[in-house]
Amino acid sequence: MNNLIIYAHPNNRSFNNSILEKIIDTGNKLGHESKVRNLYKMNFQPVLSAEDFDSIQAGEVPADIRIEQDWIRWADTITFIYPIWWTSMPAILKGYIDRILLHGFAYAVAGDKIIPLLKGKKVVIYNTLGQTLEEYQNNGMIQSLNMTTDTGIFDFCGMKVLEHKYFGSVNTADENTLDQYLIEVETITSTVAAVDMSMNML
């Protein structure tokens, strides 16, 4: 399985980084091909600029956009790892989506019909929360996040979200709780590999 990991956290000592390391380690044991796109280390330019629009309309996709689109083409599964900040994803990741999942690559329009162009791609999302998961569930934030990301972005482009996992109170959780979270990451990674294999056999 080709697993493209889109990672968006600036602190390499964060729990997000522990999730990243666990996915890579588990994937290696399973024989996955993993490629990490660490947006902060890449100093990814998140702004969809007027120059981008001009180039795209002229039929010339900017080089940095084309590179990321090629990685998405390569991937069977795309794994996103990022914290929830202000009930959303970090700005650098929103900019990645704005610039990479473009019309003509991720979707097309025919009259009033949207045509998803990334069918067959599978998505896994890991989010860390500052508050408890129960607080996010009770105030409706989880439902809203699922709607704006799973449905509004990935389903729109034809991608299937296999798992959207939230880990609560990571800033205050004890070591045992964090270890349990990582066991869940390992289990999910293994399960997604089995799903990928079964889907490819259909």
Side-chain angles (χ1 to χ4, degrees), residues 1-28 32-107 117-118 121-130 145 148-150 152-154 156-157 159 161 163-167 170-171 178 181-182 185 189 192:
M1 182 178 81
N2 292 343
N3 186 18
L4 180 67
I5 304 171
I6 311 297
Y7 180 76
H9 199 294
N11 185 356
N12 61 12
R13 297 181 301 276
S14 71
F15 185 66
N16 280 256
N17 195 68
S18 297
I19 295 172
L20 173 63
E21 291 176 347
K22 177 60 70 174
I23 292 170
I24 293 172
D25 181 62
T26 304
N28 287 340
H32 292 179
E33 285 277 342
S34 297
K35 180 65 179 181
V36 180
R37 308 302 286 163
N38 186 325
L39 301 187
Y40 285 96
K41 282 189 177 180
M42 291 163 53
N43 196 27
F44 179 78
Q45 167 54 258
V47 177
L48 183 61
S49 67
E51 289 78 11
D52 286 340
F53 276 109
D54 290 343
S55 295
I56 292 164
Q57 289 176 356
E60 296 289 337
V61 177
D64 63 333
I65 294 177
R66 188 172 62 252
I67 288 169
E68 301 308 313
Q69 290 179 342
D70 285 343
W71 279 118
I72 289 175
R73 291 186 182 98
W74 168 85
D76 301 308
T77 298
I78 306 167
T79 300
F80 293 84
I81 308 169
Y82 59 94
I84 297 299
W85 290 344
W86 292 106
T87 66
S88 187
M89 61 184 65
I92 198 168
L93 178 55
K94 179 56 167 64
Y96 183 93
I97 290 168
D98 286 349
R99 295 190 71 221
I100 307 308
L101 299 186
L102 294 174
H103 173 264
F105 169 72
Y107 68 97
L117 299 179
L118 294 177
K121 303 294 181 184
K122 296 169 287 293
V123 170
V124 178
I125 307 166
Y126 294 98
N127 292 149
T128 54
L129 310 173
L145 288 166
T148 55
T149 54
D150 300 26
I153 298 172
F154 302 119
F156 183 87
C157 298
M159 294 184 272
V161 178
E163 182 78 36
H164 190 160
K165 187 68 181 179
Y166 298 93
F167 295 119
V170 295
N171 296 328
L178 296 179
Y181 286 167
L182 292 178
V185 172
T189 304
V192 167

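From a predicted model like this one, the values you see are computed outputs, not experimental measurements.
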Subject >> Which atom of L178 lies closest to which atom of V170, heavy atoms considered >> reply: CD2-O, 4.2 Å

**OP:** Working to the nearest 0.5 Å, report the span between CD of Q69 and CG of L118.
**Re:** 9.0 Å

Subject >> Interatomic spacing from OH in Y82 to OG in S88 - rounded to 0.5 Å >> reply: 7.5 Å

Original post:
For the atom pair CG (N11) and CG (N16), what is the distance rounded to the nearest 0.5 Å?
Top reply: 9.5 Å

Original post:
For F156, what residues pass the ring pair (Phe, Tyr, Trp, His ring centres under 6.0 Å) criterion, not counting sequence neighbours?
Top reply: Y107

Original post:
Between the side chains of D150 and H164, does any donor sit under 3.5 Å from an acceptor?
Top reply: yes

**OP:** Give the C-alpha distance, both sets of side-chain angles, the deciding distance and a yes or no for side-chain contact (heavy atoms from CB on, under 4.5 Å) between K122 and I78.
**Re:** CA-CA 6 Å; K122 296 169 287 293; I78 306 167; over 6 Å; no

**OP:** Give a yes or no answer on whether the side chain of R99 reaches the backbone of D52 with a donor-acceptor pair at less than 3.5 Å.
**Re:** no

Original post:
In terms of ring plane angle, is the pair F15 and F167 parallel, tilted or perpendicular, where the classes change at 30° and 60°?
Top reply: perpendicular

Subject >> Flag side-chain contact, heavy atom, 4.5 Å: N2 against H32 >> reply: no

**OP:** Kindly indicate, with the supporting measurements, whether the criterion side-chain contact (heavy atoms from CB on, under 4.5 Å) is fulfilled by I19 and T128.
**Re:** CA-CA 10 Å; I19 295 172; T128 54; 4.0 Å; yes

Original post:
Yes or no on side-chain contact (heavy atoms from CB on, under 4.5 Å) for I97 and I153, after CA distance, side-chain angles and deciding distance?
Top reply: CA-CA 8 Å; I97 290 168; I153 298 172; 3.9 Å; yes

Subject >> Inter-residue atom distance D25.CG - S18.OG, 0.5 Å rounding >> reply: 12.0 Å

Subject >> Salt bridge present between D70 and R66 (N-O < 4.0 angstrom) >> reply: no

Original post:
side-chain contact (heavy atoms from CB on, under 4.5 Å) between L145 and M89: does it pass, once the steps are laid out?
Top reply: CA-CA 9 Å; L145 288 166; M89 61 184 65; over 6 Å; no

Original post:
Is the centre of the Y96 ring less than 6.0 Å from the centre of the F44 ring?
Top reply: yes

Subject >> From I65 atom CD1 to S55 atom OG, the distance as rounded to the nearest 0.5 Å >> reply: 8.0 Å

**OP:** Examine distances only and state if a side-chain atom of K121 and a backbone atom of D76 form a donor-acceptor pair shorter than 3.5 Å.
**Re:** no

Subject >> pair H9-P90: side-chain heavy atoms closer than 4.5 Å >> reply: no

**OP:** Indicate yes or no for a side-chain donor-acceptor contact from E163 to the backbone of K165 under 3.5 Å, with no hydrogens or angles considered.
**Re:** no

Original post:
Heavy atoms, side chains only, cut-off 4.5 Å: are T77 and V124 in contact?
Top reply: yes

**OP:** Could you tell me the separation between the CG atom of L117 and the CG atom of L101, rounded to the nearest 0.5 Å?
**Re:** 11.0 Å

